[in-house]
Amino acid sequence: MLVDKPPKGREWAFEVKWDGYRLAAHIEPGRVRIITRGGYDWTDRFSAIAAEAAQLGHETMILDGEAVVLDE
């Protein structure tokens, strides 16, 4: 439910809804691919994210997340 402020109290859990692109970073031996929810390879569009993911120190992994811009 969209609200102006998050609920208060320890019994509440919430997630901020950012308006971005849902992406999965596929870290593989020798390469990183940035894949959209629709299955498109957008590594070239998110090369900065791919470069950072390559530095995480694991040979293989998949990171699921959302790319957002937090400034103007």
Side-chain angles (χ1 to χ4, degrees):
M1 176 184 335
L2 183 61
V3 295
D4 291 331
K5 296 180 182 177
K8 294 185 179 190
R10 296 182 60 149
E11 69 278 5
W12 289 97
F14 63 90
E15 177 182 1
V16 174
K17 174 59 180 127
W18 302 106
D19 189 16
Y21 288 103
R22 179 77 180 268
L23 302 173
H26 292 246
I27 292 87
E28 303 162 345
R31 72 177 182 163
V32 174
R33 295 179 300 134
I34 305 298
I35 308 297
T36 68
R37 184 173 59 184
Y40 296 103
D41 187 332
W42 278 11
T43 306
D44 59 330
R45 296 181 187 197
F46 291 98
S47 58
I49 292 174
E52 291 295 324
Q55 302 300 314
L56 291 175
H58 296 282
E59 186 173 329
T60 61
M61 71 175 149
I62 297 174
L63 300 172
D64 178 35
E66 190 169 1
V68 297
V69 175
L70 298 178
D71 62 15
E72 297 173 11

Closest heavy-atom pair and its distance - [X], [Y]:
| X | Y | answer |
| --- | --- | --- |
| Ala24 | Ile62 | CB-CG2, 4.2 Å |
| Gly20 | Glu66 | N-OE2, 2.9 Å |
| Val68 | Leu70 | CG2-CD2, 3.7 Å |

- Is there any salt bridge (Lys or Arg N to Asp or Glu O under 4.0 Å) pair reaching into residues 38-53, and which pairs are they, with sequence neighbours excluded? none
- Not counting sequence neighbours, list each pair that qualifies as a salt bridge (Lys or Arg N to Asp or Glu O under 4.0 Å) and has a residue in residues 1-13. none
- Query: With sequence neighbours left out, what residues match Pro6 under side-chain contact (heavy atoms from CB on, under 4.5 Å)?
  - Reply: Phe14
- Residues at least two apart in sequence or cross-chain that pass side-chain contact (heavy atoms from CB on, under 4.5 Å) with Val3, listed by chain then number, are Met1
- Query: Can you name the residues that form a side chain to side chain donor-acceptor pair (under 3.5 Å) with Arg31, not counting sequence neighbours?
  - Reply: Glu28
- Query: How would you list, by chain and number, every residue that makes a side chain to side chain donor-acceptor pair (under 3.5 Å) with Asp64, sequence neighbours excluded?
  - Reply: Arg22
- Query: Cluster partners of Tyr40, using ILVMFWY side-chain heavy atoms under 4.5 angstrom, listed by chain and number?
  - Reply: Tyr21, Leu23, Ile27, Val32, Ile34, Trp42, Phe46, Ile49, Leu56, Met61, Leu63
